[in-house]
Amino acid sequence: MDALRELTARHGGRGGLLSAGLERARSGTAEGPEEWAPQAAEAALLPAAAGLGPATFFADLAAPRGERHVRVCTATACFAARGGRHLAEVEWALGVVAGTVDEGGSTSLQTVHCVGFCYAGPAALDGTLPRTGPDLADQLAGRTDPRAPGIPAADTTGAPVLLAGIVGGHSAWDVWREAVAGLRPEDVREETALAGLRGRGGAGFPVADKWAAVAGKPDTVVVANGDEGDPGSYADRLLMEEDPERVLTGLALACFACGARRGTVLVRSEYPKATARLRHEVERAMEAGDLAPSVETAGPRPFVEIVEGAGSYVSGEETALIARLEGARGCARPRPPYPTDHGLWDAPTVVNNVETLAAAPWIVAHGGASYVRRGVTDETGTKLVCLSERFARPGAYEVELGTPVDEIVTRFGGGLKDGRELVALQIGGPLGGFLAGTALDVPLTTAALAEHGAALGHAGMVAFDADTDPYEILRHVWEFAADESCGACSPCRVGTRRGLALAQGLRGPGESYEPLARLMGEASLCAFGRRVPAAVRSLARAYGPALEGWDR
């Protein structure tokens with residue numbers, strides 16, 4: 001086993017070299033991956049297939065690249081903002097079709113799924129500079145001034161947990177210093193268990209149980225999952241950009257509780273500001289002695305590195321995320337073995353999403369008993385809810401779990417802009433689910449939403465008014481699923497493409513749809529494929545007769 005670990009670690013190191021090499025090679029040419037990926041693999045002492053695999057899988061590596069590279073968001077919130085028309089407007093304004101480079105090689109256009117500006121869409125990244133608003137095409141063409149407003153954020157609880165540093169100005173590092181000086185790892189685990197904290201990335205797994213599963217195991221790694229990909233959600237971006245101290249403190253506390261000497265934050269490539277802010281804060285924390293400058297010097301204070309993603313929704317799933325960090329394609333892996341036994345470079349690995357870790361400093365400072373009084377039984381604490389551009393008051397709101405959805409929509413969000421009627425509400429991303437605008441009397445909990453065919457997910461809320469054709473939404477869901485399927489299993493790889501073909505065809509799905517939906521829901525390798533039919537079913541129920549046949 002020791003020899004296997006040594007071999008895996010060596011290959012893992014080469015995987016890191018390969019990732020860096022692929023990114024360098026990609027940035028220096030407009031050629032396709034077949035031209036440069038094998039050379040990058042050879043430089044890392046790996047076979048050509050090791051380079052071609054990730055280079056053709058990740059959107060950022062596979063996309064054509066001109067001197068000016070524009071990424072246009074076509075995800076759900078931006079789709080709802082302009083009914084999907086903004087892409088054609090941008091193509092016309094820039095004179096280049098998505099997925100290509102113009103004749104002079106100066107401008108390339110890439111479609112992406114979510115850049116985290118769901119509150120101000122439609123949106124795009126011009127290089128690393130964001131542009132947002134209904135006149136997006138004019139901004140990119142230089143005809144109007146660029147705009148990229150910050151995230152509006154508000155606490156509705158009176159005592160914020162996640163927004164304590166953003167709206168309250170409270171630093172989290174003091175909590176870490178007091179913890180490492182006076183607490184034991186088991187103390188942190190016990191308070192977290194008492195709090196009942198569950199993962200905020202969608203799965204809702206008890207955090208303390210995951211930490212306990214690796215306690216005492218050598219070489220444990222903790223990964224902060226900042227690959228927030230649910231269109232409609234920008235909570236993790238808010239935390240990473242505006243309060244990186246809290247994110248890193250939460251990661252440090254998790255490392256301490258798990259006995260891990262090493263922590264990693266994976267940040268979406270669509271969040272360049274978040275990457276920069278986190279790296280700056282890591283450097284500051286190392287200089288202050290809050291974090292270790294290397295793995296060799298790590299102890300109670302862990303070594304932390306920031307890694308950038310490469311454009312893949314499915315790579316937010318924990319096993320796919322681990323594959324990405326190892327330099328491979330971001331495909332989901334079968335479980336067991338679980339990451340807590342064999343994860344990153346075969347080491348025990350804990351993966352917690354950014355919002356989950358951001359709650360840890362408050363819990364350690366105030367105690368699990370205080371936290372458990374927030375929210376409802378079995379689903380304690382607070383949640384960041386993100387409202388899309390269609391709302392009168394879009395932005396991120398910290399609410400207690402159990403808050404009625406209609407209160408969030410009407411009291412906090414102010415309903416829709418211009419008094420428009422809310423016809424359907426998507427919750428929890430493209431694979432979360434939909435509620436009819438007249439059926440929002442549902443508590444914001446995983447259990448209650450599941451009873452209504454929806455899901456909590458990251459708790460992004462995207463509103464649809466009467467201007468959007470339900471069949472266009474249906475096609476949008478299937479297009480997203482087909483684009484983002486990692487292809488690791490046939491039920492999802494083939495099923496999403498078959499579902500898209502059906503959605504693009506006749507108004508009804510036909511007799512072949514029910515067995516397809518059942519196969520995807522029962523046999524897909526990960527939650528991505530299993531959730532697609534459920535999301536479509538909830539959409540059909542929200543719209544009723546307009547999507548007859550898709551509710552099976």
**Prompt:** Does any non-hydrogen side-chain atom of E479 lie less than 4.5 Å from one of T74?
**Reply:** no
For residues L539 and W550, determine if any side-chain heavy atom of one lies less than 4.5 Å from a side-chain heavy atom of the other.
-> no
Pair S171-E245, side-chain donor/acceptor within less than 3.5 Å:
no
Open item on the list: Could you check whether R237 pairs with E241 (Lys NZ or Arg NE/NH1/NH2 to Asp/Glu carboxylate O, under 4.0 Å)?
Closed with: yes
Correct closest heavy-atom pair for F58 and A328 would be CE1-O, 3.4 Å
Taking the side chain as everything from C-beta on, heavy atoms only, tell me whether Y119 gets closer than 4.5 Å to E389.
no
Correct closest heavy-atom pair for S388 and A463 would be OG-N, 3.3 Å
Count the heavy atoms of every other residue, nucleotide or ligand shown that sit under 6.0 Å from CG of D441, and state whether that count exceeds 12. no
The reported gap from CD1 in I363 to OG1 in T380 (rounded to nearest 0.5 angstrom) is 7.5 Å
One pair to check against side chain to side chain contact (heavy atoms under 4.5 Å, CB included): W176 and L251. What are the steps and the verdict? CA-CA 10 Å; W176 164 242; L251 176 59; over 6 Å; no
Side chain to side chain contact (heavy atoms under 4.5 Å, CB included) between D236 and H458: does it pass, once the steps are laid out? CA-CA 9 Å; D236 290 352; H458 278 82; 3.9 Å; yes
Margin query: With a 4.5 Å cut-off on side-chain heavy atoms, are V364 and E191 touching?
Written below: no
Check: Do H86 side-chain atoms and G133 backbone N/O form a donor-acceptor pair below 3.5 Å?
Finding: no
Looking only at heavy atoms, the pair that brings A488 and L525 closest together is CB-CD2, 4.1 Å
Item to check | Donor-acceptor contact below 3.5 Å, side chain T349 vs main chain L344 | outcome: yes
Is the side chain of R131 donor-acceptor paired with the backbone N or O of L136 at a distance under 3.5 Å, no angle test? no
K210 side-chain N/O to V351 backbone N/O, donor-acceptor pair under 3.5 Å: yes
Are the side chains of D465 and K417 in touch, meaning some heavy atoms are under 4.5 Å apart? no
Worked verdict on T356 versus L197 for side chain to side chain contact (heavy atoms under 4.5 Å, CB included):
CA-CA 8 Å; T356 306; L197 179 65; 4.1 Å; yes
> Are the side chain of E281 and the backbone N or O of L248 linked by a donor-acceptor pair below 3.5 Å?
Replying inline: no
Here the side-chain hydrogen bond (donor to acceptor under 3.5 Å, both in side chains) pairs for residues 153-169, sequence neighbours left out, are D155-T157, T157-R374
Correct closest heavy-atom pair for V161 and T382 would be CB-OG1, 3.7 Å
Rounding to 0.5 Å, atoms CG (L163) and NE2 (H170) come to a distance of 11.5 Å
Quick note, ring pair (Phe, Tyr, Trp, His ring centres under 6.0 Å) partners involving residues 520-543, not counting sequence neighbours, are Y313-F528
*How are the rings of H476 and F79 set relative to one another: parallel (under 30°), tilted (30 to 60°) or perpendicular (over 60°)?*
parallel
* **N/O donor-acceptor pair under 3.5 Å between S485 side chain and A482 backbone** => no
Rounding to 0.5 Å, atoms CG (L456) and CZ (R198) come to a distance of 12.0 Å
Item to complete: For residues W211 and T192, determine if any side-chain heavy atom of one lies less than 4.5 Å from a side-chain heavy atom of the other.
Response: yes
- Is the NZ or CZ atom of R335 both under 6.0 Å from the centre of the six-membered ring of Y338 and within 45° of that ring's axis? no
OG1 of T128 to CD of E270, rounded to nearest 0.5 Å, is 13.0 Å
Main-chain N/O of H366 paired to S370 side chain as donor or acceptor, under 3.5 Å: yes
dist N353:CG -> L239:CG (nearest 0.5 Å) comes out at 9.0 Å
Do the charged groups of D227 and R324 touch, with an N to O distance under 4.0 Å?
-> no
With a 4.5 Å limit on heavy-atom distance, are the side chains of C114 and F480 in contact?
no
| From CA spacing to verdict: side chain to side chain donor-acceptor pair (under 3.5 Å), H113, E484 | CA-CA 9 Å; H113 292 138; E484 294 290 357; 2.8 Å; yes
Margin query: Does any part of the side chain of R246, heavy atoms only, come nearer than 4.5 Å to the side chain of T249, both counted from C-beta?
Written below: no
* Are any of the side-chain nitrogens in R530 or E317 under 4.0 Å away from the carboxylate oxygens of its partner? -> no
- Heavy-atom neighbours of D378 CG exceed 12 at 6.0 Å: no
Taking every heavy atom of G311 against every heavy atom of D60, the minimum-distance pair comes out as N-OD2, 3.6 Å
**Intermediate values then yes/no, side chain to side chain contact (heavy atoms under 4.5 Å, CB included), R518 and R552** = CA-CA 9 Å; R518 186 171 63 254; R552 289 177 285 173; over 6 Å; no
The reported gap from CZ in R71 to OG1 in T111 (rounded to nearest 0.5 angstrom) is 12.0 Å
Note to self: Using a 3.5 Å distance criterion without hydrogens, assess whether the side chain of R497 forms a donor-acceptor pair with backbone atoms of R493.
What the structure shows: yes
Note: A369 and L194 closest approach over all heavy atoms is N-CD2, 3.5 Å
